[in-house]
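Since the model is a prediction, treat every value here as computed from it, not as a measurement.
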2 protein chains.
Amino acid sequence: MADLKANLRNYSLDEEELRQGIELLFYAYRDFTSEPDKILAKWGFGRAHHRVIYFVGRNPNITVTELLLILQITKQSLARVLTKLIKENFINQRADPLDRRKKLMTLTKKGEQLEKELTSTQMARFNRAYNETDTEAIEGFRRVLRGIINPQDRARVRPRTGLSNRRN
Amino acid sequence: MADLKANLRNYSLDEEELRQGIELLFYAYRDFTSEPDKILAKWGFGRAHHRVIYFVGRNPNITVTELLLILQITKQSLARVLTKLIKENFINQRADPLDRRKKLMTLTKKGEQLEKELTSTQMARFNRAYNETDTEAIEGFRRVLRGIINPQDRARVRPRTGLSNRRN
DNA sequence: TTTATTAAGTCAACATGGCTGACCTTAAAG
DNA sequence: CTTTAAGGTCAGCCATGTTGACTTAATAAA
């Protein structure tokens, strides 16, 4: 196992720091999704189903258009997973009484149960990470990650107050 | 636009905080990958190609086995993208003189150029985020994100000193 | 020196989940 | 009454993950 120095390239400290950030985000996301993926496989679902279940659970009475804005995928891509989730009774749709073109979506009991099972693995991971640090570190984490997000979407991070067209 | 409060579920403060973390990570990763994806499309490549180019560039003379440990995908999945990258002369392979079963991989000039183009968009994003905050926030970001990563892989985050079997 | 293990490669088949493009229905707004 | 908005749908393509089986070459172990 030869000379380590021979492998060092001349990065500026800044570039090294930025690359470490990139790698942290890659590894964190890779592991963050690994546990739900295993649970989803048992149901014949994939990661896309989790995302839909998560954001419908988090934003009761969300519409298709709003969900598309969050996920940033096409309507056709969403349709594939959403249709299956509705057919198998994880998600309910009902017409918005104030604009019957809109379909308000909520989780069914079954959907809530699966959501909880999936998301609890991720919450446990965050809980561990948060407990290994302190309040200031968590606040730093939040501020930096917000800075990574495109400016126009930063408001979404507190979606219960940020998303506007919500109703019952 | 009816009652917002009617939509609030009774989360504990903790659950709310954990869910905000989940969402921050989702949105950050979504946007973090969006710019490279556009560049890759011009070359007929996908996100998987970027990951290979990135980690080969970052770890010159890496072997296939080591790359698989980082990416956590199957050899067959890697083969598809790696074969294409070698065929189109973005990556070089040569036998390790000390163990001729191993193939040491490096970026070609062409590979380095593409790597730089792809990664610079992500470094710019991190640079912006870092500059919007301060040193303590960045350190907090790093510590929390490390906590999210599976313990056995946390050492990888400083890969130039962490990965062992590196040589020239 | 024969045998087992390791590193890498390969073929086939399958599933998920993105995408484009075209087109339809229903309801609301002008 | 026409236009626009919200949602749905069909067909096909592509990228990228998976399992399983099998091969070759080189090193390590018995």
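- Scanning for ring-ring contact (aromatic ring centres under 6.0 Å, His included) contacts around B/Y130 gives B/F126, with sequence neighbours left out.
- In this structure B/F26 satisfies the ring-ring contact (aromatic ring centres under 6.0 Å, His included) test together with A/F55, sequence neighbours excluded.
- Shown here are the side-chain contact (heavy atoms from CB on, under 4.5 Å) partners of B/K42, two or more places apart in sequence or in another chain: B/I39, B/E117.
- Using a 4.0 Å cutoff to heavy atoms of chain B, the contacted part of DNA chain C runs 5' to 3' from C/dT6 to C/dC11.
- Taking the side chain as every heavy atom from C-beta outward, A/D134 and B/R143 approach each other to under 4.5 Å.
- Contacts of residues 75-87 of chain B with DNA chain C (heavy atom under 4.0 Å): B/K75, B/Q76.
- Nearest-nucleotide assignment on DNA chain C puts the 5′-proximal partner with A/F45, out of A/R101 and A/F45.
- The ring pair (Phe, Tyr, Trp, His ring centres under 6.0 Å) contacts involving residues 91-122 of chain A comprise nothing, where partners must be two or more places apart or lie in separate chains.
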Just list the side-chain donor-acceptor pairs under 3.5 Å for residues 80-92 of chain A, sequence neighbours left out, or say none.
{"from": "A/T83", "atom 1": "OG1", "to": "A/A79", "atom 2": "O", "distance (Å)": "2.6"}
{"from": "A/K84", "atom 1": "NZ", "to": "A/G44", "atom 2": "O", "distance (Å)": "2.7"}

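- Interface limits on DNA chain D: the 5'-most and 3'-most nucleotides within less than 4.0 Å of chain A heavy atoms are D/dA5 to D/dC10.
- In this pair, A/H50 and A/Y54 present their aromatic rings perpendicular. The plane angle is above 60°, beyond the 30 to 60° band.
- Between the side chains of A/Q72 and B/R30, no donor N or O sits under 3.5 Å from an acceptor N or O.
- If B/K103 and A/G44 are placed on DNA chain C by their nearest nucleotide, the residue sitting closer to the 5' end is B/K103.
- Taking the side-chain contact (heavy atoms from CB on, under 4.5 Å) definition, one finds that B/Q76 meets it with B/T74, sequence neighbours left out.
- Not counting sequence neighbours, the partners of B/E35 by the salt bridge (Lys or Arg N to Asp or Glu O under 4.0 Å) test are B/R125.
- Sorted pairs that involve residues 68-78 of chain A and meet salt bridge (charged side-chain N to carboxylate O under 4.0 Å, His left out), not counting sequence neighbours, are lacking altogether.
- Under a 4.0 Å N-O distance rule, the pair A/E15/A/R19 qualifies as a salt bridge.
- Contact annotation: the side chain of B/V157 approaches that of B/I149 to within less than 4.5 Å [non-hydrogen atoms, C-beta and beyond].
- For the contact set between residues 47-55 of chain A and DNA chain C, defined by any heavy atom under 4.0 Å, the members are A/R47, A/A48, A/H49, A/R51.
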